[in-house]
Asker: 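My questions all concern the structure below.
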There are 2 protein chains.
Amino acid sequence: MPFTYDYERPALTVDCVVFGLDDTDLKVALIRRALPPFEDAWALPGGFVQGDETLETAARRELLEETGITDAYLEQLFTFGNPGRDPRGWTVTVAYYALVNLRDHAVKGATDAREAAWFPLDALPDLAFDHADILALAQERLRGKVRYQPVGFELLPEKFTLFQLQRLYEIILGRALDKRNFRGKILEMGILRETGEMQTGVRHRAARLYRFDTRAYQAKTRKGFSFEI
Amino acid sequence: MPFTYDYERPALTVDCVVFGLDDTDLKVALIRRALPPFEDAWALPGGFVQGDETLETAARRELLEETGITDAYLEQLFTFGNPGRDPRGWTVTVAYYALVNLRDHAVKGATDAREAAWFPLDALPDLAFDHADILALAQERLRGKVRYQPVGFELLPEKFTLFQLQRLYEIILGRALDKRNFRGKILEMGILRETGEMQTGVRHRAARLYRFDTRAYQAKTRKGFSFEI
DNA sequence: CCAAAAGTGTTAAAACTACACCCATGA
DNA sequence: TCATGGGTGTAGTTTTAACACTTTTGG
């Protein structure tokens, strides 16, 4: 059943840049395309938006269908609409970026009979369409955002050590941070709560586990506090 | 000549939130709609994107056609695609915000036989579609952006006094700033150049006129400088 | 002479930076 | 016993915030 319009209309897609963090790297989830164009090339998970869903709903749906990821932190990044960005014709894509923790979303992805894998940012394959541009913009946005909003926690498990948090910032910002200064500053903010639990199964002294205290953060934010690393 | 597709496609529009600054207020350019839906209601300037132009090109074209504004600072804001946001059917809009100085773009706008006018942000009329949401988001984005990037200058004439610049920040941020601290900080940055000229036609002591020094800013930025008010 | 903004320094408090050692644990 | 991170305090420096008066100009 075809659709007919008086004027030319674009195809509308969403694409997701999914960041995950492991012990040493920031990684991105990519899928291998099963169909032309760019058949067999790696690409961002994404697909066509349906007329009865919001853009964010479409992004979450595609994320689930193509990588098995649910409940990710998701935020709109930018809309790419250059003529010529898709060889099939006029296609506009609304790009999102997502933050997940790699432990929970470790090896899923083959759900939709498509191959999916995590790639470290410094060893990316060639990407389909203008997905390399989208990814570069997402990385830049993440670097900017992480300093002024507590989004980094989305990349960690619910309970985490201060060292994990520090390493997260070091990886994203690309520079070393001073341990004592970092710990002092972040604890001073009063937006972490001790869980009372300790790390287990590590081959060094066990660290305290903290949790991000959303309520405290929101309360402080209303009183003029602003997060900054 | 109709266009036929296998799947449903959205209509794609751009909308522009154009900010202008006068002596006391931040204002927004609105146009009065000539056609249904929302006939005679005030709305953001904008319109349909064509298949052979970029999104930004479309935004600039609509801005020119509907308000006569050219050469504005323009930046993509957010894409709104909720089903139901347009009573005519599935319509996705890529919103931009623009910064212009009101002196140069004072009373134009009636170009396209449409009524256009500047409204202060605290006395807005009811707006068509979800344009009130778009405008609110643009204002929030501007408030955030202006502190970390030197975009405020786009709202001023090319040559401006330090007092004009300070008032700009006071208006956008909504709080008073200390004169000596502000002047010290901004001059310290080394991104303003004295023009050697003075204000004329004011009924008080004439102030020095400065110009934003793009080259100095870029050079400093490459060396790690980062703008912050 | 009045109103309005121009222009100009200092000081106290707060925030930031750099820096080093002992402790606990599992391999 | 060794490697790995856990955990802790201080001093010097820099940045920020608060604060008031004289000057110039046009009306």
Asker: Could you state the atom-to-atom distance from CZ of A:Arg175 to C1' of C:dC16 in whole Å?
Answerer: 12 Å

Asker: Take the protein atom CZ of B:Phe182 and the nucleotide atom P of C:dA5, then report the distance between them rounded to whole Å.
Answerer: 16 Å

Asker: Starting at atom NZ of B:Lys185, determine the distance to atom P of D:dT14, rounded to an integer number of angstrom.
Answerer: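 The distance from NZ of B:Lys185 to P of D:dT14 comes to 17 Å, rounded to the nearest Å.
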
Asker: Atom CG in B:Leu74, atom CD in B:Glu56: separation rounded to 0.5 Å?
Answerer: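 The distance works out to 5.0 Å.
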
Asker: Could you check how far CD of B:Glu188 sits from P of C:dG9, rounded to whole Å?
Answerer: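 About 14 Å, once rounded to whole Å.
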
Asker: Quick check on DNA chain D: between A:Met198 and B:Glu228, whose nearest nucleotide comes earlier from the 5' end?
Answerer: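 Its nucleotide being nearer the 5' end, the pick is A:Met198.
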
Asker: Between D:dG6, D:dC19, C:dA4, which nucleotide gets closest to the side-chain atoms of B:His204?
Answerer: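 From the listed options, C:dA4 comes nearest.
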
Asker: When you measure from the side chain of B:Ala207, which nucleotide among D:dG7, C:dG9, C:dA6 comes out closest?
Answerer: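 Of all the options, the side chain of B:Ala207 is nearest to C:dA6.
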
Asker: Do B:Arg180 side-chain and D:dA20 base share a donor-acceptor contact under 3.5 Å?
Answerer: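 Result: at least one qualifying N/O pair found.
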
Asker: Identify, between A:Ala206 and B:Tyr210, the residue whose nearest nucleotide on DNA chain C lies closer to the 5' end.
Answerer: B:Tyr210

Asker: Taking CG from B:Asp178 and P from C:dT8, how many angstroms apart are they, rounded to a whole number?
Answerer: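 One finds 15 Å between P of C:dT8 and CG of B:Asp178, rounded.
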
Asker: Mind calculating the distance between CD (A:Glu194) and P (D:dG6) to the nearest angstrom?
Answerer: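 Going from A:Glu194 (CD) to D:dG6 (P), I get 14 Å.
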
Asker: For A:Phe163 and B:Arg205, find the nucleotide of DNA chain D closest to each by heavy atoms; which residue's nucleotide sits nearer the 5' end?
Answerer: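 Result of the comparison: A:Phe163.
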
Asker: Salt bridge or not between A:Asp178 and A:Arg183? Use side-chain N to carboxylate O under 4.0 Å.
Answerer: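 No, no charged N to carboxylate O under 4.0 Å.
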
Asker: Specify the separation, in whole Å, of atom CD1 of A:Ile229 and atom P of C:dA15.
Answerer: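 One finds 15 Å between P of C:dA15 and CD1 of A:Ile229, rounded.
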
Asker: Atom CZ of B:Arg183 to atom P of D:dA17: distance rounded to whole Å?
Answerer: 18 Å

Asker: Which heavy atom in A:Asp25 sits nearest to a heavy atom in A:Asp122, and how many Å separate them?
Answerer: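 Scanning both residues, the minimum pair turns out to be OD1-OD2, 4.5 Å.
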
Asker: Determine the minimum heavy-atom distance between B:Asn101 and B:Leu155, stating which atoms define it.
Answerer: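 Minimum heavy-atom separation between B:Asn101 and B:Leu155: CB-O, 3.1 Å.
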
Asker: Mind checking if A:Arg208 touches a base, just sugar-phosphate, or nothing, with heavy atoms under 4.0 Å?
Answerer: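 Answer is sugar-phosphate: A:Arg208 comes under 4.0 Å of backbone atoms only.
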
Asker: Between D:dG5 and A:Lys179, is there an OP1 or OP2 to side-chain N/O distance shorter than 4.0 Å?
Answerer: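 False: A:Lys179 side-chain N/O out of range (4.0 Å or more) of D:dG5 OP1/OP2.
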
Asker: Tell me if the CG atom of B:Asp40 is crowded by more than 12 foreign heavy atoms within 6.0 Å.
Answerer: yes

Asker: Using only heavy-atom distances, decide whether a donor-acceptor pair under 3.5 angstrom links the side-chain of A:Arg203 to the base of D:dT4.
Answerer: no

Asker: Out of D:dG6, C:dC19, C:dA6, which nucleotide sits closest to the side chain of A:Asn181?
Answerer: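 Among the listed nucleotides, the one closest to the side chain of A:Asn181 is C:dC19.
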
